[in-house]
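Every chain is numbered from 1, with letters handed out A, B, ... down the list of sequences.
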There are 2 protein chains.
Amino acid sequence: MLMGMAGRPRSFDRDVALGAALEQFWRSGYERTSLAMLTSAMGVTPPSLYAAFGDKHRLFEEASALYFARTCEAVDRAAALPSAHEAIARMLDDTAHAHTDAATPAGCLMLTEPRLEAQREVLYAKIKDRLDKAVRDGDLAPAASTDHLAAFLVAVMRGMSGRARDGGTLEELLAIAETAIHALPRAGG
Amino acid sequence: MLMGMAGRPRSFDRDVALGAALEQFWRSGYERTSLAMLTSAMGVTPPSLYAAFGDKHRLFEEASALYFARTCEAVDRAAALPSAHEAIARMLDDTAHAHTDAATPAGCLMLTEPRLEAQREVLYAKIKDRLDKAVRDGDLAPAASTDHLAAFLVAVMRGMSGRARDGGTLEELLAIAETAIHALPRAGG
DNA sequence: ACCAAACAGTATCGATCACTACAGAATGAG
DNA sequence: CTCATTCTGTAGTGATCGATACTGTTTGGT
């Protein structure tokens with residue numbers, strides 16, 4: 001009695017449905033994505049969606065958290081590179097490629113969606129931490145203001161995301177990235 | 001007979017109402033701005049709004065054109081400065097101030113609203129033209145790719161606008177602008 | 001077999017969206 | 001004045017929004 005588990009099993013894969021929701025939010029943003037679009041993309045009826053994910057807002061939070069986790073993986077991989085210049089260059093290169101990948105919607109969900117400011121704050125902190133480490137390593141001039149540099153880099157990534165949404169190509173985004181690299185202080189300077 | 005002008009005169013100032021609509025669109029964006037918000041901000045009832053401006057989309061086009069004209073004035077003033085570095089520095093400085101002006105909504109309507117890509121294209125062209133002129137003047141290295149630089153600068157401005165929407169301060173945006181300046185090729189290089 | 005539990009699908013909820021029909025009020029022309 | 005014309009405000013249009021009540025259906029436990 002009162003054993004929690006019982007009843008008809010779910011007829012869809014929750015992770016697959018979440019991925020479909022993520023892609024829809026990514027493509028159209030939170031506000032422009034209606035429940036009809038979500039249920040169509042996920043192959044799920046509204047009551048099933050609400051039973052599995054709560055409401056639209058919680059579904060978005062779960063989907064954006066998934067996106068954020070993937071992004072953080074790439075950022076952390078880049079940050080692990082030996083020099084700050086390599087790390088930053090890799091991050092910007094990743095950004096250009098990810099934002100123009102034909103297999104996914106253009107641009108970056110985290111950088112485009114207004115309500116994901118907390119995620120952007122974490123991205124900023126990751127970049128600043130990597131720059132601070134570079135200063136400690138003697139890899140970056142001690143006088144470099146890592147907070148200003150990190151804010152600049154997040155702004156550039158954001159600009160790249162916006163340009164990708166406007167139809168910017170990979171080459172165009174790579175050119176922006178390469179130009180931004182020149183704003184970094186020279187090694188040992 | 002059939003003289004066009006007659007009837008009850010409009011009870012509100014069309015330009016003032018348009019300015020109020022612009023501010024509302026600027027603050028909330030096109031999609032999030034409802035007609036109820038517009039009529040409330042403009043002090044006008046829906047039928048008057050439709051008689052004076054057409055529909056929501058045309059009202060937005062007129063309001064964003066007004067915003068665009070004002071922005072172009074500032075950009076052109078900056079472009080008239082003697083050196084490219086001065087011109088670009090002024091544009092970025094203007095951007096930082098305009099995006100954080102307490103008297104207006106944070107950020108830039110033109111750089112934030114997805115559907116205003118055509119305006120961004122014009123901004124890009126203005127910056128590129130100024131850089132091309134600098135190359136002709138010997139003010140910028142002849143090898144400098146002005147299209148890449150212009151795309152970079154628009155991306156930075158866009159990032160500044162986004163950061164302003166997230167609550168970024170004037171000082172923070174000025175720091176981004178100053179960092180971006182360092183990406184410009186050195187004079188005569 | 002039988003029942004409680006959890007799911008699926010239809011059909012719909014009230015709220016809000018952009019938008020407008022209608023009727024009264026205010027003007028200029030004759 | 002009278003009348004056509006244009007504006008204003010109320011009130012409400014169909015459509016769509018996010019979210020659910022309800023009715024079966026499918027499962028596991030006994």
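For dA8(C), one of the phosphate oxygens OP1 or OP2 lies less than 4.0 angstrom from a side-chain nitrogen or oxygen of Ser48(A). Between Ser11(B) and dT8(D) there is a side-chain polar atom (N or O) within less than 4.0 angstrom of OP1 or OP2. A sub-4.0 Å separation between OP1 or OP2 of dC17(D) and a side-chain N or O of Ser34(A) is present.
With values rounded to the nearest 0.5 angstrom, Leu116(A) atom CG is found 12.5 Å from Glu121(A) atom CD.
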Quick one: side chains of residues 143-151 of chain B, donor-acceptor pairs under 3.5 Å with protein atoms, not counting sequence neighbours, listed by atom name and distance.
from: Ser145(B); atom 1: OG; to: His148(B); atom 2: ND1; distance (Å): 3.3
from: Thr146(B); atom 1: OG1; to: Asp132(B); atom 2: OD1; distance (Å): 2.6

Per-pair distances, 0.1 Å, donor-acceptor, side chain in residues 63-74 of chain B, under 3.5 Å, sequence neighbours excluded:
from: Ser64(B); atom 1: OG; to: Phe60(B); atom 2: O; distance (Å): 2.9
from: Ser64(B); atom 1: OG; to: Glu61(B); atom 2: O; distance (Å): 3.1
from: Tyr67(B); atom 1: OH; to: Leu109(B); atom 2: N; distance (Å): 3.4
from: Thr71(B); atom 1: OG1; to: Tyr67(B); atom 2: O; distance (Å): 3.0

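When each of Val44(A) and Lys56(B) is assigned the nucleotide of DNA chain C with its nearest heavy atom, Val44(A) is the one assigned upstream, toward the 5' end.
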Walk me through it: do Arg163(A) and Glu117(B) pass the test salt bridge (Lys or Arg N to Asp or Glu O under 4.0 Å)? CA-CA 9 Å; Arg163(A) 181 59 201 145; Glu117(B) 201 219 318; 3.7 Å; yes
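Here Thr33(A) lies in heavy-atom contact (under 4.0 Å) with sugar-phosphate atoms only.
Geometrically, Lys56(B) engages Tyr30(B) in a cation-pi contact, judged by NZ or CZ lying under 6.0 Å from the ring centre and within 45° of the ring axis.
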Strictly under 3.5 Å: I want the nitrogen or oxygen pairs between protein and nucleotides 20-25 of chain C, one per line.
from: dA25(C); atom 1: N3; to: Arg8(B); atom 2: NH1; distance (Å): 3.4

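Distances were taken from every side-chain heavy atom of Thr45(A) (C-beta onward) to each of dA19(D), dA18(C), dT10(C); the shortest belongs to dT10(C).
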